[in-house]
Amino acid sequence: MEHYDHTKIEGKWQKKWAVDDVYQTVEDSAKPKCYVLDMFPYPSGEGLHVGHPKGYIATDVYSRHMRMQGHSVLHPMGWDAFGLPAENYALKNKIHPRVAVTKNIARFKEQLFNIGFDHDWSREVDTTDPAFYKWTQWIFLQLFKKGLAYQSKEPINWCPSCKTGLSNEDLEDTACERCGTQVEKKILPQWVLKITDYAGRMLEDLDALAWPEHIKELQRNWIGRSEGAEIEFALTAGDDKIKVFTTRPDTLFGATYVVLAPEHALLSTLRSSITNWADVAAYQHEAAQKTEIDRTNDTKEKTGVKLEGVSAINPATKQEIPVYVADYVLAGYGTGAIMAVPAHDERDFAFATKFGIAIKPVIGSADATMPYIDSGTLINSAPFDGLESEEAKTKITAFVGGKLTKTYRLKDWVFSRQRYWGEPIPIVHCSKCGAVAVPESQLPVLLPDVESYEPSGTGESPLATISEWVNTTCPTCGGPAKRETNTMPQWAGSSWYYLRFMDPKNDSALVSPEREKYWAPVDMYVGGAEHATRHLIYARFWHKFLFDIGVVSTTEPFAKLQSVGLIIAEDGRKMSKRFGNIINPDDIIEVYGADTLRVYEMFMGPFENAIAWNTNAMIGARRFIERVFRLSASVAQEDSAAVEPILHATIKKVGEDILAFKFNTAISQMMILLNAFEKEGVGKNQFSAFLQILAPFAPHLTEELWATVGHSGSIHTSTWPTFDPAKLVSDTQTVPVQINGKVRATLVLPTDISEADALQQARENPLVAKWLAEGTESRALYIAGKIINFVVDKI
RNA sequence: GCCGGAGUGGCGGAAUGGUAUACGCGCGCGACUCAAAAUCGCGUCUCGCAAGGGAUAAGGGUUCGAGUCCCUUCUCCGGCACCA
């Protein structure tokens, strides 16, 4: 028998599959469809390491299985090539991002090709292709027209190293997620997307999604809903009112002061009434200087300034209470103002204690330890005394004319980047007409070539230096105008790319309604959990918007989601060029073969677990592949009766496990089957069925042996074998016998034996009889096919 | 602090409430070989000569029977956090 030459076999089939178009997407309305998608990669300059393909292998196994099960399968691949990673790589290596991206894509593609994936490359998309980003810009215009894209001059997160503004999702605590630099606050004119309008729906619709519970939980935390009330406090000066958000309107009678965030707009409005304005202004200035870290670090020591000359009226008690400005109240949450109830809130308690403000208990008993933060029965709140908190919340809110409301932790999406390598924002600024949408007929607004694409750091994009591009005419009035020079964030293209795969060549719509109806939603989406509060938030937001304007027919983009666990390096650290611990799949494939790599990565452990790469352990996968190859030489014409039950059990289990993403147990079951084949023999039909269920994992080897055994056509377009439930059970089965829960013997019993006969046989077994004789049998039970248990009371 | 998830051999891990440690790696012994590699066979939680006993982070409970369900505690991982 020939030696197993993986290089020859794998190369041969990869070429043939490409030539024969084996994996071309077929839109057959007679078949159920299945859209299987990976989170597409950034084509970085470092190429793929063995960790990247893990998710792609899983979707490959899944999509191959679905194809063999008779589905129309869409399994595409593309490139998320705009954004900081690609641009930083280009800057570092002194080549234009366009050139770098082209080169990197070619490299990635070759690496993916070597692993033998079933991607349909005729549907490849690239977010930096003008034919693609035309539609990214189009979506922005629709958002703009609906008032969901607006300009803001609020301070935003600024990364001094990447020299660009960032969204909340781009942060890792208070540092830039890309480079780890602490972000600063910077006031820059920004385009912001009103994702908060969708917060409620995004939260509510999570419940029905077939996503891992922990991913949904991450999103729930990120969106962060609080239910409470907005209540207005009148002032002793002027007509303005302070609107506060509180989750505890039941404690309103205990509100002994009000706090405004330092950035609160009302402060400057009240300037003329505030007699200690200099102190207040100084405090505002001080707060503005603090970084996010400073501000959140002083969790204990509260600071603030009392507004002199202005007081508020508690709408419940009608008492005059002081107003403070303090930075423990955040401008960006709720209304930027709170009613402070020191008796029932830890922060308010600390502040009131420091500043000598009255503390009035209104829940529980007056002598309880303060602050008492739980719900309870109201006191000191006539006429609401004696009510429970829950009921009081509604009644007190109504009593003072407030309204019950919800507020979210989620912030609007800062959408401008002061960088070169992104989609130009299709807006023209006209001194007469303001911000004007570029007409859709003029899309795409092409990203111009530029001599220096280095970020300026001034808060202006590098595009601002190209005057011939910047200067244009206003689409509305025809007068002189300037183009918007900020670009979109990296997340823009990835927020809708999955739609483009359905209809990648369409030039008149981002996706045709027919194609969309056929393929949507994505049936299985696979990627890292780190995208839970980034890409997956943005994509859901855009999708819901596209649903609202009638572009898509589903309210959610991704019906099912599986998160892939990282492969970490053998040294236990993250695989990174920095640590020099990267393993390149090309090297593994050269020595061990693509099928070995695929089987190993699926066998390593549960798909969601982060597991260290271990080249030693990978030998097991290689041995498995070789044993299958060797076994093919001793396949008999006649089937082996002895392996029938285990063969059918394996067909059943592998099919179920693939659907459940339990690839490790699917492979172990196939190993058990292979062990049985080697021991008991295997017939041609049995071996063929085995090859078919192994085919999604080891497509090259199985394709080769499929032909060797005598089949024509590709195994990958063959029909998945069916299992015969009648063959799952053999005539006899091994049943353990327990005495008081301890196994004392095992019996081989006919499958259809009655309880009485089973117990009888057990009692006659000498090992069992010995134990039964030691006491009085008080109970006996036979769980069919599972176990026999005798309860014996000791004498 | 709040919210998730997880703790099983030397390692990755398996186990609809029903023989804990499948499958694989590693290790040991043997066969083949002049020898080695590869391959194949046997063994491999722990105490014990054995009969038996003990062990799924710790402790309790439910059950004929618990890794699995319930309660308490500990540890690790992830998220959120001056969010009113």
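Below, chains carry the letters A, B, ... as their sequence lines are ordered, and counting in each starts from 1.
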Taking for each residue the nucleotide of RNA chain B bearing the nearest heavy atom, is the 5' side occupied by A:Lys411 or by A:Leu767? A:Leu767
Side chains of A:Leu701 and A:Tyr4 in contact at under 4.5 Å (non-hydrogen atoms): yes
Side-chain touch A:Thr246/A:Ile231, heavy atoms, less than 4.5 angstrom: yes
When you check the phosphate oxygens OP1 and OP2 of B:G53, does a side-chain N or O of A:Arg744 lie under 4.0 Å from one of them? yes
Taking 4.0 Å as the cut-off, does a side-chain nitrogen or oxygen of A:Arg409 come that near to OP1 or OP2 on B:A81? yes
Integer angstrom distance from the P of B:C71 to that of B:C49: 43 Å
For the residue pair A:Leu772 and A:Arg763, establish whether any side-chain heavy-atom pair is separated by less than 4.5 Å. yes
A:Leu749 CG - B:U19 P separation (whole Å): 15 Å
Rounded interatomic separation in angstrom, taking CD1 from A:Ile338 and C1' from B:A84: 5 Å
Could you pull out all residues at least two apart from A:Phe661 that satisfy ring-ring contact (aromatic ring centres under 6.0 Å, His included)? A:Tyr62, A:Phe607, A:Phe663
Does any residue of residues 217-227 of chain A have a heavy atom under 4.0 Å from RNA chain B, and if so, which ones, in number order? A:Glu217, A:Leu218, A:Asn221, A:Trp222, A:Ser226
Could you check, using the six-membered ring where one of them is a Trp, whether A:Tyr257 and A:Phe351 have ring centers closer than 6.0 angstrom? yes
Contact class for A:Asn609 vs. all strands (heavy atom < 4.0 Å): base, sugar-phosphate, or nothing? sugar-phosphate
Identify the nucleotide, in any strand shown, that forms a Watson-Crick or G-U wobble pair with B:C11, with both distances under 3.5 Å; if there is none, say none. B:G24
Phosphate OP1/OP2 of B:G52 contacted by A:Lys770 side-chain N/O (<4.0 Å): yes
Quick one: which residue pairs count as a salt bridge (charged side-chain N to carboxylate O under 4.0 Å, His left out) with a foot in residues 214-228 of chain A, not counting sequence neighbours? A:Glu204-A:Arg225, A:Asp207-A:Arg220, A:Glu213-A:Lys216, A:Glu213-A:Arg220, A:Glu217-A:Arg220, A:Arg225-A:Glu227
Looking for any heavy atom pair under 4.0 Å, which part of the strands does A:Thr734 touch: base, sugar-phosphate only, or nothing? base
Between A:Gln669 and A:Glu213, which residue's closest nucleotide on RNA chain B lies nearer the 5′ terminus? A:Glu213
Residues forming a side chain to side chain donor-acceptor pair (under 3.5 Å) with A:Arg540, sequence neighbours excluded: A:Gln219, A:Glu556
Distance in Å, A:Tyr782 OH paired with A:Asp757 CG, rounded so as to fall on 0.5 Å steps: 10.0 Å
Whole-Å distance, A:Ile568 CD1 to B:G12 P, equals 10 Å
Who pairs with B:C76 - Watson-Crick or G-U, where each distance is under 3.5 Å: B:G5
So does A:Lys742 get a side-chain nitrogen or oxygen closer than 4.0 Å to the phosphate oxygens (OP1/OP2) of B:G54? yes
In whole angstrom, give me the gap between the C1' atoms of B:C32 and B:G41. 11 Å
Whole-Å gap separating C1' (B:G24) and CD (A:Glu626): 16 Å
Atom pairs under 3.5 Å, N or O on each side, protein against nucleotides 64-70 of chain B: can you list them with distances?
from  : atom 1 : to       : atom 2 : distance (Å)
B:C64 : OP1    : A:Arg779 : NH1    : 3.1
B:C64 : O2'    : A:Asn789 : ND2    : 3.1
B:C64 : O2     : A:Asn789 : ND2    : 2.6

Counting only non-hydrogen atoms, which of residues 612-625 of chain A are less than 4.0 Å from RNA chain B? A:Asn616, A:Ala617, A:Gly620, A:Arg623
